[in-house]
Colleague: 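Pasting in a structure now, in structure tokens, and then I'll have a few things to ask.
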Amino acid sequence: MNYFVTAIGTDSGKTLVSAILTEALKADYWKPIQAGLPADTDRVKELVKNNKSRFHQETFQLKTPASPHAAAQFEHLEIELTDFMLPAVNNRLVVEGAGGVLVPINQQNFVIELARQLDLEIILVANLYLGSINHTLLTADFLKRNNYKVKGLIFNGESNPESEQIIEKHTGWPVLLRLPKLGLINEETVSYWAEQLKMNWYE
């Protein structure tokens, strides 16, 4: 199975989680749409230390740090779902989305639709802040109503047991990892949390 890392919003920790998943599974990594610099692929490459993972070229490398549909329009490009094909790999693949679930890639389609088109199982990153219960449950409701395959949740940020408990209860999804608020993030940090993730992983 290949995995699509999405989140309840922008800056929720998708790139860090993608690096941890890539290291834990010794998977390949692919970011289909990069909007803005520095590139997330370069950051994940810096954080992953195993020799098996490969890092695949983005389909769209947009310089403008904005929603993909806006960045593409600014750069006189048009993004279509049919532009995307999975890289040819002999490995599991971690695919990192852009922003949250309903970030538009054009006037009709949203980034989450890549998960369905490419037959990817979703891992939802929920960072913990005031309002995150609402944002997480709204995201979960959309995914459930539209019959997306979800592997589980990863909480990111300072622990909030009340928030985590109510999110677990109402999504019914397993929690794959609880990431605390991290200061230094490097290869060693990612390696440690990759080992923690493997203890909760199920096939």
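Positions are given from 1, in the same order as the sequence printed here.
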Colleague: Holding to side-chain contact (heavy atoms from CB on, under 4.5 Å), I want the full list of residues that pass it with Lys31, two or more places apart in sequence or in another chain.
Modeller: Tyr29, Gln34, Asp40, Thr41, Glu58, Glu96

Colleague: Do Ser132 and Asn127 make a side-chain contact, defined as non-hydrogen atoms from C-beta onward lying under 4.5 Å apart?
Modeller: no

Colleague: Side chain to side chain contact (heavy atoms under 4.5 Å, CB included) between Glu113 and Arg116: does it pass, once the steps are laid out?
Modeller: CA-CA 5 Å; Glu113 293 177 61; Arg116 173 165 289 142; 5.7 Å; no

Colleague: Which heavy-atom pair separates Leu62 from Ala71 by the least distance, and what is that distance?
Modeller: CD1-CB, 3.8 Å

Colleague: Would you name the heavy atoms of Leu177 and Leu197 that are closest together and state the gap between them?
Modeller: CD1-N, 3.8 Å

Colleague: Can you check whether Glu80's main-chain N or O pairs, donor with acceptor, with Asp83's side chain at less than 3.5 Å?
Modeller: yes

Colleague: Is there a continuous path of hydrophobic side-chain contacts, each under 4.5 Å between heavy atoms, that joins Trp30 to Leu25?
Modeller: no

Colleague: Which value, rounded to the nearest 0.5 Å, describes the distance between Asn91 atom CG and Ser53 atom OG?
Modeller: 6.5 Å

Colleague: Would you call Glu203 and Lys198 a salt bridge, taking side-chain N to carboxylate O under 4.0 Å as the test?
Modeller: no

Colleague: Which pair of non-hydrogen atoms, one from Val103 and one from Ser67, has the smallest distance, and what is that distance?
Modeller: CG1-OG, 3.9 Å

Colleague: Classify the ring geometry between Phe60 and Phe84 as parallel (under 30°), tilted (30 to 60°) or perpendicular (over 60°).
Modeller: tilted

Colleague: Could you tell me the separation between the NZ atom of Lys14 and the OG1 atom of Thr10, rounded to the nearest 0.5 Å?
Modeller: 6.0 Å

Colleague: Can you name the closest pair of heavy atoms from Leu176 and Lys151 and give their distance?
Modeller: CD1-CG, 3.9 Å

Colleague: In terms of hydrophobic clusters joined by side-chain contacts under 4.5 Å, are Phe55 and Val89 together?
Modeller: no

Colleague: Checking Arg43 against Glu46 for the salt bridge (charged side-chain N to carboxylate O under 4.0 Å, His left out) test, could you report, in this order, the C-alpha distance in whole Å, the side-chain angles of both residues, the deciding distance, and whether it holds?
Modeller: CA-CA 5 Å; Arg43 181 59 174 151; Glu46 290 172 356; 3.1 Å; yes

Colleague: Can you tell me how far apart CG (Leu184) and OG1 (Thr189) are? Round to the nearest 0.5 Å.
Modeller: 5.0 Å

Colleague: Go through the structure and list residues passing side-chain contact (heavy atoms from CB on, under 4.5 Å) with Lys181, not counting sequence neighbours.
Modeller: none

Colleague: Scan side-chain atoms only and decide if Glu121 and Asn2 contain a donor-acceptor pair under the 3.5 Å cut-off.
Modeller: no

Colleague: Could you tell me if the side chain of Thr59 sits less than 4.5 Å from the side chain of Ile33, heavy atoms only?
Modeller: no

Colleague: Determine whether Leu138 and Ile133 fall in the same hydrophobic cluster, where Ile, Leu, Val, Met, Phe, Trp and Tyr are linked whenever their side-chain heavy atoms lie under 4.5 Å apart.
Modeller: no

Colleague: Would you say Leu16 and Trp201 are hydrophobically clustered, going by side-chain heavy atoms of ILVMFWY under 4.5 Å?
Modeller: yes

Colleague: To the nearest 0.5 Å, tell me how far Ile166 CD1 sits from Asn160 CG.
Modeller: 11.5 Å

Colleague: Where do Thr136 and Thr139 land on the side chain to side chain contact (heavy atoms under 4.5 Å, CB included) test, with the steps shown first?
Modeller: CA-CA 5 Å; Thr136 306; Thr139 301; 5.7 Å; no

Colleague: Under 3.5 Å, side chain of Asn200 to main-chain N/O of Val175, donor-acceptor pair present?
Modeller: no

Colleague: Below 4.5 Å, heavy atoms only, C-beta onward: do Asn146 and Ile112 meet side chain to side chain?
Modeller: no

Colleague: For residues Tyr202 and Ile20: do they belong to one hydrophobic cluster (side chain heavy atoms under 4.5 Å, members Ile, Leu, Val, Met, Phe, Trp, Tyr)?
Modeller: yes

Colleague: Among Leu114, Val5, Leu86, Thr6, exactly one meets side-chain contact (heavy atoms from CB on, under 4.5 Å) together with Leu120. Which residue is that?
Modeller: Leu86

Colleague: Decide if atom CG of Asn134 counts as having more than 12 heavy atoms of other residues, nucleotides or ligands within a radius under 6.0 Å.
Modeller: yes

Colleague: Does a donor on one side chain and an acceptor on the other come within less than 3.5 Å for Ser191 and Glu23?
Modeller: no

Colleague: Looking at CG of Leu77 and OG1 of Thr64, how far apart are the two atoms once the value is rounded to the nearest 0.5 Å?
Modeller: 9.5 Å

Colleague: Look at atom CD of Gln196 and say whether more than 12 heavy atoms of other residues, nucleotides or ligands are closer to it than 6.0 Å.
Modeller: yes

Colleague: Check whether any side-chain N or O of Glu195 sits under 3.5 Å from a backbone N or O of Tyr192 as a donor-acceptor pair, and report yes or no.
Modeller: no

Colleague: Salt bridge check, Asp119 against Lys149: does any charged N sit closer than 4.0 Å to a carboxylate O?
Modeller: yes

Colleague: Tell me if the CD atom of Gln165 is crowded by more than 12 foreign heavy atoms within 6.0 Å.
Modeller: yes

Colleague: Just to verify, which of Arg54, His56, Arg92, Lys52 counts as forming a side-chain hydrogen bond (donor to acceptor under 3.5 Å, both in side chains) with Asp28?
Modeller: His56

Colleague: Could you pull out the closest heavy-atom pair between Gly97 and Val111, with the gap in Å?
Modeller: CA-CG2, 4.4 Å

Colleague: Going through the distances and angles, do Leu118 and Phe4 end up as a side chain to side chain contact (heavy atoms under 4.5 Å, CB included)?
Modeller: CA-CA 9 Å; Leu118 301 174; Phe4 187 84; over 6 Å; no

Colleague: Would you say Val125 and Ile8 make side-chain contact, with heavy atoms under 4.5 Å?
Modeller: no

Colleague: Indicate yes or no: does Lys63 engage Glu75 in a salt bridge with an N to O separation below 4.0 Å.
Modeller: no

Colleague: Atom OG in Ser12, atom CD1 in Ile154: separation rounded to 0.5 Å?
Modeller: 12.0 Å

Colleague: Specify the closest pair of heavy atoms between Glu164 and Leu128, including all atoms of both residues, with the distance to one decimal.
Modeller: OE2-CD1, 3.4 Å

Colleague: Any ring pair (Phe, Tyr, Trp, His ring centres under 6.0 Å) pairs touching residues 122-178, not counting sequence neighbours?
Modeller: Tyr129-His135

Colleague: Quick one: does Trp193's side chain get under 4.5 Å of Leu179's, heavy atoms only?
Modeller: yes

